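Structure, as structure tokens:
Everything numeric here is computed off the predicted structure, so don't read it as measured data.
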Amino acid sequence: MLIGYARVSTQDQNLDRQIDQLKEFGCEKIYQEKITGTKKDRPELDKLLEELRTGDTLIILDLTRLSRSTKDLFAIVDNIESKGANIKSLKESWLDTTTPQGKLMFTIMSGLSQFERDLISQRTKEGLASARDRGRNGGRPSKGDKDIDRAIKLYDSKEYSVREIEEMTGVSKPTLYRYLKERGKKSVDN
């Protein structure tokens with residue numbers, strides 16, 4: 001079965017052009033939604049993926065209708081293929097897992113994408129190591145002991161909310177709680 005998926009980003013936009021092209025291509029069923037492609041939770045896409053069966057082919061007008069990130073696209077295509085289904089883009093002819101050439105192209109694109117992620121990770125690790133060798137550890141500068149001691153005293157006084165303590169001392173809620181937890185561990189150890 002040919003199943004179409006049409007999506008626009010906002011309620012003001014119109015799906016008619018996509019729906020017409022998907023029907024013209026022969027889609028027997030079309031899922032449609034008006035939601036940004038950057039959202040992970042897209043109810044109609046989730047429903048479509050749940051209902052896909054072996055031998056079905058998902059038809060999209062172009063990749064941007066399905067996903068806004070390469071990582072998300074590859075996860076969706078893996079999900080489709082794990083069900084024994086295929087995917088075909090009407091604009092990007094290389095994305096057509098119904099043919100051996102399309103599968104090859106998608107595999108190459110997946111490999112390039114993974115290669116790019118690995119290179120970024122490697123460069124980041126090398127950059128951090130180089131900075132450490134020069135004495136720079138990165139991250140936020142630590143708060144001074146005076147600020148932390150003052151924040152703990154204010155907290156212990158039970159007169160101020162954590163938000164007020166943050167504003168008065170500049171010590172963030174997570175930092176305050178981390179020091180309070182460490183203090184609790186020290187008192188238990190003694």
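Tyr177 and Tyr155 have perpendicular rings, their planes meeting at more than 60° on a 0 to 90° scale where under 30° would count as parallel.
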For this session: Could you walk me through whether Arg163 and Glu167 pass side chain to side chain contact (heavy atoms under 4.5 Å, CB included), step by step?
Result: CA-CA 6 Å; Arg163 175 174 275 144; Glu167 290 171 4; 3.7 Å; yes
Exercise. Side chain to side chain contact (heavy atoms under 4.5 Å, CB included) between Ile59 and Leu90: does it pass, once the steps are laid out?
Worked result: CA-CA 7 Å; Ile59 308 296; Leu90 298 181; 3.9 Å; yes
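Side chains of Tyr5 and Glu44: no donor on one and acceptor on the other come within 3.5 Å. Asp12 and Thr10 share no side-chain donor-acceptor pair at under 3.5 Å.
When atom types are taken as modelled, the side chain of Lys83 and the backbone of Leu49 share a donor-acceptor pair closer than 3.5 angstrom. Between the side chain of Glu92 and the backbone N or O of Leu63 there is at least one donor-acceptor pair closer than 3.5 Å. Checking side-chain atoms of Gln13 against main-chain N and O of Lys34 turns up no donor-acceptor pair under 3.5 Å. In terms of modelled atom types and a separation under 3.5 Å, the side chain of Arg7 and the main chain of Arg65 share a donor-acceptor contact.
Counting non-hydrogen atoms of other residues, nucleotides and ligands closer than 6.0 Å to CD of Glu50 gives a total of 12 or fewer.
Between Asp96 and the options Lys88, Lys91, Lys103, a salt bridge (Lys or Arg N to Asp or Glu O under 4.0 Å) holds for only Lys88.
One finds no salt bridge joining Lys29 and Asp56 here, because no Lys/Arg side-chain nitrogen approaches an Asp/Glu carboxylate oxygen to under 4.0 Å.
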